[in-house]
Amino acid sequence: MPIALYPGTFDPITFGHIDIAVRASKIFTKVIAVVADNPHKHPLFSVRERLSMVKEAVKDVSTIEAVSYSGLIANCLKEFGATTIIRGLRALSDFDYEFQMAFTNRNINTRAETVFLMPSAKYVYLNSTMVKEIAELGGDVSAFVPAAVMEQLYKKMKR
Ligand code: ADP
C-alpha cells in the first residue's frame, strides 16, 4: 500500500489522533500527518507548536512522519505523490462533514480517495476542543493526551 496523508488541525494532538495514525500505519507504507496551517480556525497552538507536538507523539513509529501545510489537501497529495487521505470517524455526527469534504477533495483532485478509520471505542468521544476545555478548568487530561502535550497545554493555560 502506498503513502497516505492524514490531515488535521491537531490543536493539540490527542490519543484519538494517534490511534488513527497508528492504525493507518499498519495499512500504508508511510503515513504523513499533515498539520493544517489554517489561521481561520484560530487554533490555540501555533502551527509550529502543533507540528512539534505531533512529531514528538509519533516519534516511535518510523513509518509515521509529520509536516505542516498551508494549502489545499488535494494539492498537498500531488506534492507527496499520494492519492489517499486518512480521516478518523467517531460518530454519525462526523459523517456529514467528512462526506462533504471527501467529495470536495475529489472534485479538486480526481485521484483523491478518502479512507475512514474508526478509533478504539475508548476514544470515540475524545476531541481536542474537549481536552482544551478540561485543561482550562484545571482538570486532568492525562488520559487524553501524551505527557508532553499535557505540559504544553498547562503552560498555555497559565498565560
Ligand atoms: P480537522 O479540523 O481537520 O477536523 P482535527 O484535528 O479535529 O482536524 O481532526 C483530524 C482528524 O482526526 C479528523 O479526521 C478527525 O475525525 C480525527 N479525529 C480527531 N479526534 C479523533 C478521535 N478521538 N478518534 C478518531 N478520530 C479522531
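Note that this is a predicted model, so its numbers are computed, not measured. Whatever order the structure lists ligands and atoms in, that order sets their numbers, starting from 1. Side-chain atoms are counted along with the backbone in the values below, which use heavy atoms only and exclude waters and symmetry mates. Along the sequence shown, residues are numbered consecutively beginning with 1.
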Query raised in the report: Heavy atoms, side chains only, cut-off 4.5 Å: are Ile13 and Val145 in contact?
Result: no
**Report entry** Polar atom proximity, Pro119 to ligand 1 (N or O, under 3.5 Å)
**Finding:** no
Report task. Check each heavy atom of Arg90 against ligand 1 and say whether those closer than 4.0 Å belong to the side chain, the backbone, both or neither. Result -> side chain
Query raised in the report: Is there any N or O on Phe10 that sits under 3.5 Å from an N or O of ligand 1?
Result: yes
Query raised in the report: Where on Thr9 is there a heavy atom closer than 4.0 Å to ligand 1, on the side chain, on the backbone, on both, or on neither?
Result: both
Query raised in the report: N/O of Lys41 under 3.5 Å from N/O of ligand 1, yes or no?
Result: yes
Query raised in the report: Do Leu153 and Val141 have side chains that get closer than 4.5 Å, going by heavy atoms?
Result: yes
Requested in this report: Using a strict cut-off of less than 4.0 Å between a Lys/Arg side-chain nitrogen and an Asp/Glu carboxylate oxygen, indicate whether Lys55 and Glu65 qualify as a salt bridge.
Outcome: no
Report task. Please state whether Pro7 comes within less than 4.0 angstrom of ligand 1, counting heavy atoms only. Result -> yes
Report task. Before signing off on this row, confirm whether His17 and ligand 1 have an N or O atom pair separated by under 3.5 Å. Result -> yes
Query raised in the report: Could a heavy atom of Asn127 be found less than 4.0 Å from some atom of ligand 1?
Result: no
Query raised in the report: Is ligand 1 less than 4.0 angstrom away from at least one heavy atom of Tyr6?
Result: yes
Query raised in the report: Which atoms of ligand 1 sit under 4.0 Å from any heavy atom of Glu98?
Result: 14 (O), 16 (O)
Query raised in the report: Within a radius of less than 6.0 Å around CD of Glu136, do more than 12 heavy atoms belonging to other residues, nucleotides or ligands occur?
Result: no
Query raised in the report: Given that the side chain starts at C-beta and the backbone is N, CA, C, O, which of these parts of Ser128 lies under 4.0 Å from ligand 1, counting heavy atoms, or is it both or neither?
Result: neither
Query raised in the report: Got Tyr123 and Ile20 here, is their nearest side-chain heavy-atom distance under 4.5 Å?
Result: no
Requested in this report: Answer yes or no: does atom CE of Met130 have more than 12 heavy-atom neighbours from other residues, nucleotides or ligands under 6.0 Å?
Outcome: yes
Query raised in the report: Short N/O distance, under 3.5 Å, between Gly88 and ligand 1?
Result: yes
Query - Over 12 foreign heavy atoms within 6.0 Å of CG, Leu92 - result: no
Query - Where ligand 1 meets Leu126 - atom numbers and elements under 4.0 angstrom, heavy-atom basis - result: 20 (N), 21 (C), 22 (C), 23 (N)
Query raised in the report: If we only count heavy atoms from C-beta on, is the Arg90 to Tyr125 side-chain gap below 4.5 Å?
Result: no
Query - Derivation of the salt bridge (Lys or Arg N to Asp or Glu O under 4.0 Å) call for Arg87 and Asp94 - result: CA-CA 10 Å; Arg87 294 286 290 177; Asp94 280 343; over 6 Å; no
Query - ligand 1 to Arg87 polar contact by distance, N or O atoms, under 3.5 Å - result: yes
